[in-house]
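This report refers to the structure that appears directly beneath it.
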Amino acid sequence: MAAKSKFRGSFTALVTPFKNGSLDEAAFRSLVNWQISEGTNGLVPVGTTGESPTLSHDEHKKVVEWCIAEAKGRVPVIAGAGSNSTKEAIELAQHAEKAGANAVLVVTPYYNKPTQEGLYQHFKAINDAIGIPIIIYNIPPRSVIDMSVDTMKRLWDLKNIAGVKDATASMVRVSQQRAAMGEDFNQLSGEDATILGYMAHGGHGCISVTSNVAPRLCSEFHIAWQKGDHATALKLHDKLMPLHNNLFIESNPAPIKYALSLLGKMDETLRLPMVPVSEPTRVAVRSAMVHAGLIN
């Protein structure tokens with residue numbers, strides 16, 4: 001089995017800014033630079049948080065290219081390349097590799113409801129088509145299906161399968177996956193609110209929505225944890241917890257885009273069927289940002 005990259009710390013699942021119905025390139029590039037300057041350990045463009053379902057293929061590829069160009073190798077870029085069509089996922093993954101991405105994030109196919117064998121063959125086909133690491137994105141709440149630990153173990157034997165973005169919110173799963181695949185299997189939480197427990201069970205980091213708006217605090221949490229300073233990590237977790245909760249009162253990424261608009265980072269614009277958050281959610285998001293010390 002080929003050596004596989006290690007991904008550790010705070011990775012931001014980047015939003016995709018829009019303006020007048022089009023991609024806002026300036027706002028996106030500015031967001032990338034701000035994230036890196038604030039200590040974010042890695043960037044994940046065009047995942048679900050990046051509204052990938054409503055981007056055209058050309059737009060998707062542009063966002064990946066902008067992210068890689070702006071990052072300039074300062075932090076790794078794990079490009080979203082998932083689809084419920086294996087052929088489409090291969091195309092996006094091959095583009096990401098050609099553009100210079102360090103890895104790809106591939107979601108378990110949604111809507112189709114493949115069997116565990118179907119999941120294995122889907123990821124194997126992508127593995128065989130590229131030469132960079134693949135992070136499996138296991139998110140049963142959005143894709144309906146749940147990749148089993150046994151299927152992950154089979155995939156781990158392939159040369160490019162490097163780990164998982166785990167959005168099951170199950171602490172037990174972290175330990176089960178570590179027991180099956182070992183310490184080198186990258187385990188990144190996909191649920192901000194569970195990160196403290198996830199790390200305690202042996203996780204390596206988080207692909208975070210919250211870090212869009214609080215990159216420094218999220219990075220400091222992981223630095224504290226890696227140093228074994230669990231008391232500081234707990235304090236930072238408590239500071240961030242209202243954000244971890246309130247940014248998901250309504251469907252992501254509507255709340256996080258509102259939060260970023262409060263910081264002047266971009267317009268709140270979303271693409272249908274996503275719509276701006278309601279007034280009660282605005283109040284809750286603002287309150288959480290005040291609690292975290294991001295605004296007055």
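Reckoned from all heavy atoms, side chains included, excluding hydrogens, waters and symmetry mates. Small disclaimer: the values here were computed from a predicted structure and weren't measured.
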Ser10 vs His222, side-chain hydrogen bond (donor to acceptor under 3.5 Å, both in side chains): CA-CA, chis, key distance, verdict: CA-CA 7 Å; Ser10 181; His222 287 279; 4.7 Å; no
Steps toward salt bridge (Lys or Arg N to Asp or Glu O under 4.0 Å) verdict (Lys257, Glu268): CA-CA 5 Å; Lys257 277 200 162 178; Glu268 192 186 348; over 6 Å; no
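Considering all non-hydrogen atoms of both residues, Ala193 and Met241 come closest at CB-CE, 3.6 Å. Across every non-hydrogen atom of Ala254 and Val275, the tightest pair is CB-O, 3.5 Å. Contact detail for Val277 and Pro255: the closest heavy-atom pair is CG1-N, 3.6 Å. Heavy-atom minimum distance, Val75 versus Asn102: O-OD1, 4.2 Å. Between Ile134 and Phe123, the shortest heavy-atom distance links the atoms CG2-CD2, 4.3 Å. Considering every non-hydrogen atom in both Pro76 and Phe7, the closest pair reads CB-CE2, 4.2 Å.
Salt bridge present: Asp128 and Lys124 bring a charged side-chain N and a carboxylate O closer than 4.0 Å. Salt-bridge annotation for Glu25 and Lys19: absent, with no side-chain N of the basic residue lying under 4.0 Å from a carboxylate O of the acidic one. A salt bridge links Arg286 to Glu279: one of the charged nitrogens lies within less than 4.0 Å of a carboxylate oxygen. Between Arg154 and Glu117 a salt bridge is recorded (basic side-chain N to carboxylate O distance below 4.0 Å). With respect to the salt-bridge test (charged N to carboxylate O, under 4.0 angstrom), the residues Glu51 and Arg271 do not qualify.
In this structure, the side chain of Arg282 does not engage the main chain of Tyr258 through any donor-acceptor pair within 3.5 Å. Between the side chain of His60 and the backbone N or O of Gly80, at least one donor-acceptor pair lies under 3.5 Å. At distances below 3.5 Å, at least one donor-acceptor pair connects side-chain atoms of Ser143 with backbone N or O atoms of Ile139. Under the 3.5 Å distance criterion, the side-chain polar atoms of Trp225 are left unmatched by any main-chain donor or acceptor of Ala233. Looking at Asp24, its side chain never comes within 3.5 Å of a backbone N or O of Met266 through a donor-acceptor pair. Side-chain atoms of Asn186 come within 3.5 Å of backbone N or O of Ala162 as a donor-acceptor pair. With Gln116 contributing its side chain and Asp146 its backbone, the two residues share a donor-acceptor pair below 3.5 Å. Between the Asn138 side chain and the Met147 main chain, a donor and an acceptor come within less than 3.5 Å of each other. A donor-acceptor contact shorter than 3.5 Å links the side chain of Thr194 to the backbone of Glu191. Side-chain N or O atoms of Asp166 include one that pairs as donor or acceptor with a backbone N or O of Thr168 at under 3.5 Å.
For Lys87, the NZ atom counts as loosely surrounded, since its 6.0 Å shell holds 12 or fewer non-hydrogen atoms of other residues, nucleotides or ligands. Remark: Lys61 NZ is packed, more than 12 non-hydrogen atoms of other residues, nucleotides or ligands lying under 6.0 Å away.
The aromatic rings of His237 and Phe221 lie tilted to each other, with the angle between the two planes from 30° to 60°.
The line from CG of Leu92 to NE2 of His57 is 5.5 Å long, rounded to the nearest 0.5 Å. To the nearest 0.5 Å, atom CZ of residue Arg216 and atom OG of residue Ser37 are 7.0 Å apart. Taking CG from Leu243 and NE2 from His291, the interatomic distance works out to 8.5 Å, rounded to the nearest 0.5 Å. Between the CD atom in Gln35 and the SG atom in Cys67 there is a gap of 9.5 Å [rounded to 0.5 Å]. Rounded to the nearest 0.5 angstrom, Leu155 CG and Gln121 CD are separated by 9.5 Å. Rounding to the nearest 0.5 Å places CD of Glu70 at 8.5 Å from OG of Ser30.
For the pair Leu31 and Leu14, the minimum side-chain heavy-atom distance is below 4.5 Å. Thr40 has its side chain out of reach of Trp34: every pair of non-hydrogen atoms, C-beta onward, lies at least 4.5 Å apart. Looking at heavy atoms from C-beta onward, Leu43 lies in side-chain contact with Ile36 at the 4.5 angstrom threshold. Side-chain contact between Leu119 and Thr108 is present, with heavy atoms from C-beta onward closer than 4.5 Å. Ile136 has its side chain out of reach of Val106: every pair of non-hydrogen atoms, C-beta onward, lies at least 4.5 Å apart. Annotation: side chain of Val107 is not in contact with side chain of Thr48 (no heavy-atom distance under 4.5 Å). Inter-residue side-chain proximity for Leu270 and Pro253 is flagged as met; some heavy-atom pair is nearer than 4.5 Å. Taking 4.5 Å as the limit, some side-chain heavy atom of Arg74 sits within range of a side-chain heavy atom of Asn33.
Looking at His201 and Ser175, their side chains do bring a donor and an acceptor atom within 3.5 Å of each other. Checking Asn252 against Thr49 by side-chain atom types alone, a donor-acceptor pair falls below 3.5 Å. Looking at Ser208 and Asp192, their side chains do bring a donor and an acceptor atom within 3.5 Å of each other. Counted by atom type alone, Glu88 and Ser83 present one or more donor-acceptor pairs between their side chains at under 3.5 Å. A donor-acceptor contact closer than 3.5 angstrom is absent between the side chains of Glu38 and Ser219.
Only one option out of His204, Arg178, Gln177 pairs with Gln187 in a side-chain hydrogen bond (donor to acceptor under 3.5 Å, both in side chains); it is Gln177.
Under a hydrophobic clustering in which Ile, Leu, Val, Met, Phe, Trp and Tyr are joined whenever their side-chain heavy atoms come within less than 4.5 Å, directly or via other members, Val149 and Leu188 fall into different clusters. Linking ILVMFWY residues whenever their side-chain heavy atoms come closer than 4.5 Å, directly or via other members, leaves Ile207 and Phe185 in distinct clusters. Put simply, Met152 and Val144 are part of two different groups of oily side chains (I, L, V, M, F, W, Y) that touch within less than 4.5 Å, one to the next. There is a path of hydrophobic side-chain contacts, each under 4.5 Å, that joins Leu240 to Ile195.
Cation-pi check for Arg142 over Tyr110 is not met; the charged atom does not lie both under 6.0 angstrom from the ring centroid and within 45 degrees of its normal.
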